[in-house]
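Shown next, in structure tokens, is the structure this report addresses.
Hydrogens, waters and symmetry mates are skipped; everything else that's a heavy atom, side chains included, is used.
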Amino acid sequence: MNEISNMTGVWREMDAAHHIHPFMDTGALNAEGARVITHAKGIYIYTSTGDRVIDGMSGLWNMQVGHGRPEIIEAISAQLTKLDYYNTFFKTTHPGVVELSREIAELAPPKLNRVFYTSSGSEANDTMIRIVRYYWKLRGKPEKSQFISRRLGYHGSTIGGASLSGMPWMHEQAGLPIPGMNYITPPYWWTEGGDMAPDEFGLWAANQVAEAIDRIGADNVAAVIGEPIQGAGGVIIPPANYWPAVARICRERDVLYVSDEVICGFGRTGEWWGCDYYGVEPDLIVFAKGVTSGYFPMGGVILSDEVADVISLHGGEFYHGFTYSGHPGACAAALANIKIIKDERLPERVKSDIGPYLQAKWRALGEHPLVGEARMVGLIGALELSPNKKARAAFPQPGVVGTIARDISFREGLVMRAVRDGLILAPPLVITRNEIDEAIVIVARVLDETHSECRRLGLM
């Protein structure tokens, strides 16, 4: 360990000299020095300075089965020994991509049976834009090219994905969004609900979709896209009646409904898909992250039979694809990962066992004077920090308190993410009750220390 610890400064200098990090103030990070993660096992990551830290964000929302699973590592190794790479262009396929496609079709809602593969969720959303617009063109309605998404929705950081995302600070840096993007109010009761009860607010927020379609014109709207639970936007959990109402609105107006399951898919909500949790069936599903638990890059789009048939039977050649679509190693990782999720009944465990256990402890943190709301579905939750919970007030400088809490959390041994002034937790689905108890003790300590710091700074 001393040898590794002695390398920390060297690695930090090399990182600062040659590496540009995603979603990071590079200058500030280089001045501080990046944390160096050297290895991981189960729900824990380990730093070059010898710290053991609970991976409370499942890597980046994706380590469903935890770190260091030999079943996945061995499956990737065996696949690469046999067939390290070949593409799926040129009238070719391979056993892994065929078997995975069948597996995903069996897991998806009944009418979604065909899969297009990418290497990430961002690529998958770019692909979805292409598919949806091509579908309507083949239907003789090329004017149906507009998309509706939500403010604070996140659909990736490529040109298309960032344009779908309702995050103007991303748009400002790159002359985005591309044409055809429209943003509506998210189903975020804490900030948008006013005096409405949650159920009343759910219908009100869904009606924003109807009003947007009617304003733009149903003949111009191609699709409505949304994460079942908005992850990077702050774990925005809609009222139970929201998604059924949105799905009905889309059907009535002949608009496709796209469920972005990059974060919610593969058991995170206690169901295989977030749309299953809300009891709705979309026309397309976008997935990534949990499909391989992060052991290999992979994403994709699952198409309904209606959409797939129009494109495959009437579209001729679809001029779109990626070098690594359906990579053999990624398929091996996904198949092994899905087998673990099935064998260990992780969605059922999240729904009926470990999920309720964590949720009860998480919601109890809502009694803390710094916490305005403690919300969680499955194993994805947020603590909304507030200087005045009764008024649902925000801090005067958004993000300051959240950043303070996040940094204290890592120092205390738990990775949580800060979004504005909310703390996010989304641990691996294999977390145990003892490990949850360990994490909750840390969260309580983080809240106490953050509360004291807020009082010292005059923020409360």
*Between Gly294 and Asn62, what is the shortest heavy-atom contact and its length?*
CA-ND2, 3.6 Å
*So, do Phe322 and His327 have ring centers that fall under 6.0 Å from each other?*
no
*Run the salt bridge (charged side-chain N to carboxylate O under 4.0 Å, His left out) check on Arg133 and Glu143 step by step: do they pass?*
CA-CA 9 Å; Arg133 285 181 169 170; Glu143 66 280 0; over 6 Å; no
*asked:* side-chain contact (heavy atoms from CB on, under 4.5 Å), that's the test. Do Phe147 and Val132 meet it? Break it down for me.
replied: CA-CA 10 Å; Phe147 286 82; Val132 166; 3.8 Å; yes
_Contact between Val443 and Leu414 at the side-chain level, heavy atoms closer than 4.5 Å - yes or no?_
yes
*Does the side chain of Ser293 come under 3.5 Å of the side chain of Asn337 through a donor N or O and an acceptor N or O?*
yes
*Name all residues meeting the side-chain hydrogen bond (donor to acceptor under 3.5 Å, both in side chains) criterion together with His320; count only those two or more places apart in sequence or in a different chain, and write none if there are none.*
Thr127, Arg130
*In terms of side-chain geometry, is the basic nitrogen of Arg411 or Glu449 positioned less than 4.0 Å from the acidic oxygen of its partner?*
yes
*Between Ser304 and Asp283, do the side chains contain an N or O donor and an N or O acceptor separated by less than 3.5 Å?*
no
*Any donor-acceptor pair under 3.5 Å from Ser149 side chain to Gly166 backbone*: no
_Enumerate the salt bridge (charged side-chain N to carboxylate O under 4.0 Å, His left out) contacts for residues 158-183, please, sequence neighbours excluded, ordered by first and then second residue._
none
*Short question: side chain of Asn207, backbone of Ala210 - any donor-acceptor pair under 3.5 Å?*
no
_Sidechain N-carboxylate O distance under 4.0 Å for Glu281, Lys111_ = no
_Under 3.5 Å, is there a donor on one side chain and an acceptor on the other for Thr49 and Thr47?_
yes
*Please check if the side chain of Arg139 supplies one atom and the backbone of Val310 the other of a donor-acceptor pair under 3.5 Å.*
no
*With Val97 as reference, evaluate Pro328, Cys331, Ser325 under the side chain to side chain contact (heavy atoms under 4.5 Å, CB included) test and give the passing residue.*
Cys331
*Give a yes-or-no answer on whether the side chains of His368 and Asp448 include a donor-acceptor pair shorter than 3.5 Å.*
yes
_Under 3.5 Å donor-acceptor, Arg150 side chain and Glu227 backbone_ = yes
*Donor-acceptor contact below 3.5 Å, side chain Trp189 vs main chain Pro238*: no
*Indicate yes or no: does Asp214 engage Arg253 in a salt bridge with an N to O separation below 4.0 Å.*
yes
*Any chance CZ of Arg455 has more than 12 other-residue heavy atoms, nucleotides or ligands included, within less than 6.0 Å?*
no
_Listed partners of Asn182 passing side-chain hydrogen bond (donor to acceptor under 3.5 Å, both in side chains), at least two apart_ = Gln146
*Indicate yes or no for a side-chain donor-acceptor contact from Ser58 to the backbone of Ala426 under 3.5 Å, with no hydrogens or angles considered.*
yes
_Criterion side-chain contact (heavy atoms from CB on, under 4.5 Å) on Leu256 and Val224, from CA distance to verdict_ = CA-CA 6 Å; Leu256 296 178; Val224 171; over 6 Å; no
_Applying salt bridge (charged side-chain N to carboxylate O under 4.0 Å, His left out) to Arg215 and Glu211, what does each step give before you reach the verdict?_
CA-CA 6 Å; Arg215 181 178 66 254; Glu211 290 183 4; 5.7 Å; no
*asked:* Run Tyr183 and His171 through ring pair (Phe, Tyr, Trp, His ring centres under 6.0 Å) and show every step you take.
replied: CA-CA 13 Å; Tyr183 313 99; His171 301 163; 5.6 Å; yes
*Between the side chain of Arg417 and the main-chain N/O of Ile424, is any donor-acceptor distance below 3.5 Å?*
no
*So do Leu29 and His21 actually touch side chain to side chain, heavy atoms under 4.5 Å?*
yes
*So, Tyr188 and Gln230: side-chain donor and acceptor under 3.5 Å apart, yes or no?*
no
_Residues Tyr257, Trp243; criterion ring pair (Phe, Tyr, Trp, His ring centres under 6.0 Å); working and verdict_ = CA-CA 10 Å; Tyr257 158 40; Trp243 278 118; 5.4 Å; yes
*Do you see a donor-acceptor pair shorter than 3.5 Å between the side chains of Ser409 and Arg445?*
no
*Answer yes or no: does atom NZ of Lys389 have more than 12 heavy-atom neighbours from other residues, nucleotides or ligands under 6.0 Å?*
yes
*Decide if atom CD of Glu306 counts as having more than 12 heavy atoms of other residues, nucleotides or ligands within a radius under 6.0 Å.*
yes
_Looking at Glu192 and Arg392, is any side-chain nitrogen of the basic one under 4.0 Å from a carboxylate oxygen of the acidic one?_
no
*Got Trp273 and Phe266 here, is their nearest side-chain heavy-atom distance under 4.5 Å?*
yes
